[in-house]
Amino acid sequence: MRLSKSFVKTLRSAPKDEIAKNGVLLSRAGYIHKEIAGVYDYLPLGLRVIENIKGIIREELNALGCEEVSMTALQNPEPWEKTGRFSDAEVDIWFKTEVASGGTLGLAPTHEEPMIEMLKSYVSSYKDLPLYVYQFQTKFRNELRAKSGIMRGREFLMKDLYSFHTTEEDLDAFYAEAEKAYARIFDRLGLGDSTYETFASGGIFAKFSHEYQTLLDVGEDTIYYNADKSLVFNKEVFNDEVLAEFGAKKEDFTEAKAAEVGNIFKLKFKYTEPLGLKYTDDSNETKTVYMGCYGIGVSRVMGVIAEKFADDKGLVWPEAVAPFKYYLVGIGSEGVLKAEELYKGRENEILFDDRDARPGEKFADAELLGIPYRVVVSDKTLAEGKAEVVSRATGETKMVDLNTLFV
Ligand code: ATP
Ligand code: MG
C-alpha cells in the first residue's frame with residue numbers, strides 16, 4: 001500500500017471526546033474513524049488488523065472442524081420471546097426498530113436464538129450431531145457507557161461459536177478442545193503471557209463459565225490470581241465458598257485490572273429446550289440437544305492490543321496482527337528509486353511511505369502507526385549495498401544486506 005495514494009492521513013489530535021488511549025492512537029494513526037460514542041468505522045489499516053485477528057481465529061477453529069457462516073443482524077423477535085430474552089426488562093441493551101409494515105425487529109446483541117432456530121431446519125437425528133458453527137458478525141448493544149474506545153462498542157465485531165451435542169460428555173470434550181484452541185489463539189495474537197482463563201459464574205447448569213481476561217491497567221474488570229497463575233477468578237466468584245472448593249485462601253491471591261477478551265459457556269439445555277432443538281437417538285427416542293457457546297470480542301481484542309503495547313510515540317503491533325510488516329522509506333534520489341524497486345511485488349507486506357514529505361515526518365508517522373519494522377534506504381546505506389532496519393518494539397537497529405532484506 002502506498003501512503004501517497006490513500007485517502008487516510010495521520011491526525012495531530014483525536015476526536016475531542018475520545019479519552020481512551022486505544023481510541024486516541026487508532027484515530028490519530030488513521031486506523032479508525034469515530035462516528036459517535038461506541039460507533040467506529042474501520043479504515044484500510046484498521047480493517048487489515050481486524051482481518052489478521054479473524055484469520056488467526058479462523059485457522060484455529062477450522063482445525064477443530066468448525067464451520068463458518070454469516071447470520072443476519074436483524075432479528076425476528078419470536079425465538080427471543082421463547083427464551084424470554086426479547087424483553088427489555090430481561091436484556092437491557094437491545095436496539096429495536098419498527099418495521100414499516102408493522103411490528104418490531106431487534107438488532108442482534110448475540111446469536112444463540114437465531115442459530116438454534118436455523119439449525120432446527122437441519123438437525124433431526126443423532127447422525128446430524130455434533131455440530132460446531134461460528135461466525136464473525138456485528139453485534140449491537142445499547143451499552144450505558146462507551147468510553148473505552150473500540151474496547152466497548154455499541155456496534156462491535158464478535159466471533160461467536162456454538163457447539164451442539166447428543167451427550168454431556170461430548171459437550172465436555174469439545175469444550176476442553178475449545179479451551180486449548182483459545183490458548184493457541186491468544187498466544188498467536190501476542191496476548192498469551194497476559195491472558196488468563198478465569199473462573200466466572202456459570203448460570204444455572206454448569207458451576208462455572210470461563211472468561212479470558214487480559215491484564216490491562218485500564219481494563220473494566222477485576223481479577224484475582226495466585227502465585228503461579230494456575231487459578232484465576234473474576235470478582236463475581238472470588239469468595240470464601242468458591243475458594244474453599246479449590247483448597248485456596250484469599251491471602252494467596254493478587255488483585256489486578258483486566259479486559260475480558262473472550263468467554264466460553266456450557267449452556268446445556270438453557271436455550272435448546274425452550275426453542276425445541278431436538279434429535280432422535282438410535283432407539284428412536286426424542287431428546288434435547290446439548291449446547292455450548294464460545295465468544296471472542298474481535299474489535300475489543302484490537303483495542304486491547306493497541307492499548308497494551310503502545311508507548312509514548314504511538315502504536316506497537318505484534319507482527320501477527322500488524323497491517324503490514326514493513327514501513328518503507330526512501331531518502332535521496334537513489335534511495336527513492338531503490339525503494340520503488342523494493343516495493344514492487346511486495347504491496348501486501350510493505351506500507352510504502354512515498355509521500356512528498358520530510359524524512360522526520362515519515363519517521364514520526366512510522367512510529368505512530370506501529371508497523372513492526374521501519375526500513376530506510378538512502379544514498380548512504382546504498383553505498384554499502386544495505387538498508388537500515390529498525391524494530392518498532394525494541395528499537396534495535398540493523399544494517400541489512402539488500403539481497404536478504406525481505407526474506
Ligand atoms: P462485558 O462484561 O465486557 O460487557 P459480556 O459478558 O457482555 O462482556 P459476552 O456477551 O460474553 O460479553 O460477549 C463475548 C465477548 O464479546 C466478550 O468476551 C467481549 O470480548 C466482547 N464484547 C462484549 N461486549 C462488547 C462491547 N460492547 N464492545 C466490544 N466487545 C464486546
Ligand atoms: Mg456486556
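Atoms within each ligand, like the ligands themselves, are counted from 1 in listed order.
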Does R374 count as lying over the ring of F363, i.e. NZ or CZ under 6.0 Å from the six-ring centre, within 45 degrees of the axis? yes

About how many Å separate NZ of K313 and CG of L25, when rounded to the nearest 0.5 Å? 13.0 Å

Contact residues of ligand 1 (heavy atom under 4.0 Å), by chain and number: R141, E143, M151, R152, G153, F156, M158, E260, V261, G262, N263, G297, R300

Are K159 and F136 in a cation-pi contact, defined as NZ or CZ under 6.0 Å from the six-membered ring centre and within 45° of the axis? no

NZ/K21 to CG/L26 distance, rounded to the nearest 0.5 angstrom? 11.0 Å

List the steps, then state whether ring-ring contact (aromatic ring centres under 6.0 Å, His included) holds for F233 with F199. CA-CA 5 Å; F233 298 96; F199 286 103; 5.5 Å; yes

What's the verdict on ring-ring contact (aromatic ring centres under 6.0 Å, His included) for Y290 and F269, showing C-alpha distance, side-chain angles and the deciding distance? CA-CA 6 Å; Y290 285 83; F269 305 136; 4.5 Å; yes

